[in-house]
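Since the structure comes first, as structure tokens, the remarks are kept for the end.
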Amino acid sequence: MRKNNLVIFSLSCLLFCYTMTVTAQKQFTLKSPNGKLETSISVGKTVEYSVSHEGDLILSKSSVSMTLADGSAFGINARLSGSSVKAVNQTIDASVYKRNKITDNYNELALKFKGDYNIIFRAYNDGIAYRFVSTSKKPFIIENEQAEFNFPADVKVFVAYANKPETTPLENQFSNSFEQPYHNIALSAWNKKRLGISPLVVEGAKGKKVCITEADLMNYPGMFLYPRETANGLKGVFAPYPKDTRQGGHNELQILVGSRESFIAKSDGPANFPWRVVIVAEKDSELADSDMVYKLATPSQGDYSWVKPGKVAWDWWNDWNLYSVDFRAGINNETYKYYIDFASEYGIEYVILDEGWAVNKKADLFQVIPEINLPELVSYAKAKNVDLILWAGYHAFDRDLEKVCKHYSEMGIKGFKVDFMDRDDQIMVDFHRRAAEMGAKYKVLIDFHGTYKPTGLQRTYPNVINFEGVNGLEQLKWSGPELDQVTYDVTIPFIRQVAGPMDYTQGAMRNATKGNYRNVYNEAMSQGTRCRQLAEYIIFESPLNMLCDSPSNYMSEPECTKFIAAVPTVWDNTISLDGEIGKCVSIARQKGNIWYVGAMTNWDARSMELDLSFLGEGNFKGEVFKDGINADRAARDYKKETIDIPSNKKLPVSMAPGGGYVIKITRK
């Protein structure tokens with residue numbers, strides 16, 4: 001990381017501190033660098049904060065604390081021993097991200113307390129964050145954390161519930177796959193039988209949006225959200241520490257929690273606890289381009305120049321279905337050589353061997369089925385300039401973590417897609433860090449599937465190249481029309497993607513209108529148009545990006561396949577152009593001298609005007625893929641054309657229901 005223009009100002013530049021003689025509370029005010037966002041903090045019997053934006057109350061007084069097993073607490077009957085402030089304006093160099101340089105500009109207030117802890121507040125132009133820091137050198141146990149988010153009214157919220165039946169008690173909902181569609185409801189209408197997954201978005205005053213999430217989660221349980229007992233508030237809920245566990249679940253690859261302790265976390269000494277993050281956006285489109293989580297994460301250490309983002313030819317979604325071949329398709333070397341040949345022809349960097357290459361129900365990654373010869377496949381792929389990634393069930397990976405990474409790295413395997421963690425308690429969160437660290441040691445990529453949302457681990461360990469925690473395209477293998485994937489697609493850029501990259505796995509060549517869609521497990525299709533699938537490669541952030549469909553289908557559609565294969569997966573710059581949660585989105589991304597712009601709509605046909613003024617002066621042309629005139633009847637219908645960008649840089653576009661639009665822009 002390169003830091004430029006680091007500036008530290010005096011206390012008087014950032015906040016005002018005074019003592020209230022009646023209440024004996026100390027009051028602090030911390031403002032964002034542009035002065036629009038303000039958090040007020042009071043310290044007394046409790047520590048409370050509130051947030052306002054240009055005079056609009058975003059969060060009313062909300063308490064923060066941590067209770068410890070020894071009866072003490074951070075933030076209750078708090079005894080302030082000092083405070084300090086600083087202003088930071090620096091540049092972060094990012095190598096595996098949606099832009100290569102990030103402006104990191106914030107004001108910070110550090111409150112120091114007797115009892116060996118601090119609370120750090122930061123004010124950015126687009127949000128507020130705070131964290132607890134323990135300075136104790138002794139081990140201690142955290143019974144619970146109080147993280148409140150109180151609102152001035154019965155606000156509307158976009159929430160995804162934990163994917164457990166509502167008959168499941170709340171304490172049993174902590175184990176889940178973090179894949180659910182969103183509900184846009186009044187906070188008072190929250191289903192009290194369900195935990196909410198973070199991030200979530202709240203509708204504030206004057207159309208402003210508030211995204212609540214967390215960052216720098218390293219050795220601590222992740223945060224669910226749930227309504228407070230009093231009106232108009234949410235609180236953080238955290239999975240208690242596992243007490244009894246057993247092997248089981250999907251093909252004996254999971255570790256299931258039988259019972260839990262009465263506390264949420266253990267600490268061996270000094271610790272930085274996760275940032276609680278409140279992102280404030282004046283327009284929906286700002287959420288689709290937030291850097292808050294990345295900026296708050298621990299910077300990486302060491303050399304990660306070996307990390308190679310790219311595309312992946314994927315086998316599982318298309319069920320290894322090949323046609324016009326003279327061998328039996330399936331989990332065997334002939335099939336994977338075909339995938340490798342396809343990847344090589346189109347310049348696709350990786351082929352993945354998903355579940356099935358290791359002996360089933362053994363949770364042993366050294367037991368390879370006889371139909372697969374991995375050294376032969378590695379050698380074949382290398383000769384074709386293609387690399388291989390292996391799928392790994394969580395328990396099989398963790399039980400022999402270093403041995404697996406060392407063995408397969410030496411063989412030439414370049415990464416692992418680790419699946420079925422399905423928890424975010426402290427033990428599981430720490431596994432993610434350990435897996436990232438071990439992967440870095442042996443120079444293998446880690447794609448966390450079957451897991452919770454990212455919280456910045458991809459900055460700390462850039463070999464962690466993707467995360468699921470998203471209701472991705474795989475759902476359409478088994479979900480009927482009751483799942484509205486099209487609306488979900490234009491919702492997640494403003495909520496889930498705020499947290500970081502998504503292993504959504506797009507790229508379907510079988511496309512269906514709303515009336516024609518049905519779930520077919522072995523020959524799955526997408527909802528919405530062909531151009532929507534193309535646009536998702538631009539709109540969705542995914543440094544390791546799957547091509548979900550069959551090579552046979554892709555080779556029957558060479559125009560679309562060439563476009564998909566050529567779209568970068570990391571970028572020099574990103575600009576969120578326009579959008580509204582659940583309705584539409586448009587994003588521009590730059591790589592070198594080329595700009596890619598993608599747009600998507602919900603099930604409403606839509607016309608938009610794309611503002612391309614970011615191109616600057618000069619003449620430009622664009623390679624366009626747009627919905628065909630009959631795309632509302634046959635979703636695969638599209639038209640490819642080359643156009644001149646209008647001199648006023650205003651480009652009108654039209655999309656069919658469930659449609660999309662993409663344009664690759666170059667200078668003439």
Nearest heavy-atom approach of Leu365 to Ala392 is CD1-CB, 3.7 Å
Test of ring centre spacing under 6.0 Å for Trp571 and Tyr596: yes
Side chains of Asp315 and Tyr336: is there a donor and an acceptor less than 3.5 Å apart? yes
Do Glu523 and Asn321 have side-chain N/O donor and acceptor atoms under 3.5 Å apart? no
Non-hydrogen atoms of Gly222 and Leu217 that approach each other most closely: CA-CD2, 3.7 Å
Between the main-chain N or O of Gly469 and the side-chain N or O of Arg496, is there a donor-acceptor pair closer than 3.5 Å? yes
Do Lys417 and Phe397 form a cation-pi contact, if we require the NZ or CZ to be under 6.0 Å from the six-membered ring centre and within 45 degrees of the ring's axis? no
Between Asp387 and Lys382, is there a side-chain N and carboxylate O pair less than 4.0 Å apart? no
Beyond-backbone contact of Val470 with Glu179, side-chain heavy atoms, under 4.5 angstrom: no
Between Arg423 (side chain only) and Leu256 (backbone N and O only), is there a donor and an acceptor less than 3.5 Å apart? no
Pair Asn333-Asn373, side-chain donor/acceptor within less than 3.5 Å: no
Taking NZ, NE, NH1 and NH2 as the nitrogens, is one of them in Lys453 or Glu214 under 4.0 Å from a carboxylate oxygen of the other? yes
Which of Ile142, Asp216, Asn219 passes side chain to side chain contact (heavy atoms under 4.5 Å, CB included) with Phe273? Answer is Ile142
Phe174 and Phe224: CA distance, side-chain angles, deciding distance, ring pair (Phe, Tyr, Trp, His ring centres under 6.0 Å) verdict: CA-CA 8 Å; Phe174 295 116; Phe224 292 85; 5.5 Å; yes
Heavy-atom side-chain contact between Tyr408 and Leu374 under 4.5 Å: yes
Check: Tyr554 side chain, Asp549 main-chain N or O, donor-acceptor pair, under 3.5 Å: yes
Among Glu402, Lys406, His407, which residue satisfies the side chain to side chain donor-acceptor pair (under 3.5 Å) criterion with Tyr442? Glu402
Please check if any side-chain donor atom of Ser175 sits under 3.5 Å from a side-chain acceptor atom of Asp422, or the reverse. no
Test: Glu376 and Lys337 ion pair at under 4.0 Å: yes
Side-chain (Glu171) to main-chain (Pro240) donor-acceptor, under 3.5 angstrom: no
Look at the side chain of Arg399 and the backbone N and O of Tyr394, then say whether any donor-acceptor pair between them is shorter than 3.5 Å. no
Given Val257, which partner from the list Asp425, Ile427, Asn172 fulfils the side chain to side chain contact (heavy atoms under 4.5 Å, CB included) test? Asp425
Pair Asn511-Gln533, side-chain hydrogen bond (donor to acceptor under 3.5 Å, both in side chains): steps then yes or no: CA-CA 9 Å; Asn511 317 111; Gln533 291 296 299; 5.3 Å; no
Between Tyr241 and Phe263, is the ring pair (Phe, Tyr, Trp, His ring centres under 6.0 Å) condition met? List the steps. CA-CA 6 Å; Tyr241 195 89; Phe263 58 86; 5.5 Å; yes
Do we see a donor-acceptor contact under 3.5 Å between the side chains of Ser259 and Asp244? yes
Hey, mind stepping through Phe467 and Met502 against side chain to side chain contact (heavy atoms under 4.5 Å, CB included) and telling me if it holds? CA-CA 5 Å; Phe467 301 80; Met502 307 184 301; over 6 Å; no
Could you go through Thr529 and Arg636, starting from their C-alpha distance and side-chain angles, then the distance that decides it, and tell me whether this counts as side chain to side chain contact (heavy atoms under 4.5 Å, CB included)? CA-CA 6 Å; Thr529 69; Arg636 65 184 177 276; over 6 Å; no
Taking the six-membered ring of Trp316, is the NZ or CZ of Lys477 close enough (under 6.0 Å from the centre) and on axis enough (within 45°)? yes
Check: Lys243 main-chain N/O paired with Arg260 side-chain donor or acceptor under 3.5 Å: no
Is the shortest distance from a Lys or Arg side-chain nitrogen in Lys514 or Asp484 to a carboxylate oxygen in the other one below 4.0 Å? no
Side-chain donor-acceptor contact under 3.5 Å, Asp341 with Ser344: no
All heavy atoms of Thr460 vs all of Ala297, minimum pair found to be OG1-CB, 4.3 Å
Give a yes-or-no answer on whether the side chains of Gln485 and Tyr517 include a donor-acceptor pair shorter than 3.5 Å. no
I'd like to know if the side chain of Asn466 and the backbone of Asn545 have a donor-acceptor N/O pair within less than 3.5 Å. no
Could you go through the side chain to side chain contact (heavy atoms under 4.5 Å, CB included) check for Tyr182 and Ile492 one step at a time? CA-CA 9 Å; Tyr182 289 93; Ile492 50 176; 3.8 Å; yes
Quick one about Gln173 and Tyr161 (side-chain donor to acceptor, distance below 3.5 Å, no hydrogens or angles considered), yes or no? no
Residues Thr513 and Asn516: side-chain donor-acceptor under 3.5 angstrom: yes
Which atoms form the tightest heavy-atom contact between Met546 and Ile352, and what is the distance? CE-CD1, 4.2 Å
Is it true that the side chains of Arg99 and Thr574 contain a donor and an acceptor less than 3.5 Å apart? no
Between Glu145 and Tyr220, does the side-chain hydrogen bond (donor to acceptor under 3.5 Å, both in side chains) criterion hold? Intermediate values first, please. CA-CA 11 Å; Glu145 178 183 346; Tyr220 194 80; 2.7 Å; yes
Lys/Arg-Asp/Glu bridge criterion (N-O < 4.0 Å) met for Lys441, Glu437: no
How far apart are the closest heavy atoms of Leu322 and Ser552, and which atoms are they? CA-OG, 3.4 Å
Sidechain-backbone polar pair: Asn251 side chain, Leu253 backbone, donor-acceptor under 3.5 Å: no
Looking only at side chains, do Glu252 and Asn360 share a donor and an acceptor under 3.5 Å apart? no
Does any pair with a residue in residues 556-565 pass salt bridge (Lys or Arg N to Asp or Glu O under 4.0 Å), and if so which ones, sequence neighbours excluded? Arg530-Glu557
N/O donor-acceptor pair under 3.5 Å between Thr213 side chain and Ser198 backbone: no
With ring centroids as reference points, do Phe448 and His432 lie under 6.0 angstrom apart? yes
Trp314 backbone acceptor or donor facing Asn318 side chain under 3.5 Å: yes
Compare every heavy atom of Cys531 with every heavy atom of Gly660, then report the nearest pair and how far apart it is. O-CB, 3.3 Å
Trace of the side chain to side chain contact (heavy atoms under 4.5 Å, CB included) decision for Thr298 with Arg459: CA-CA 7 Å; Thr298 299; Arg459 180 185 177 190; over 6 Å; no
Checking Asn163 against Ser177 for the side-chain hydrogen bond (donor to acceptor under 3.5 Å, both in side chains) test, could you report, in this order, the C-alpha distance in whole Å, the side-chain angles of both residues, the deciding distance, and whether it holds? CA-CA 7 Å; Asn163 53 327; Ser177 67; 2.7 Å; yes
Just how far is it from atom CD1 of Ile446 to atom CD1 of Ile389, taken to the nearest 0.5 Å? 10.0 Å
Quick check: Tyr346 with Phe342 (ring centres under 6.0 Å apart)? yes
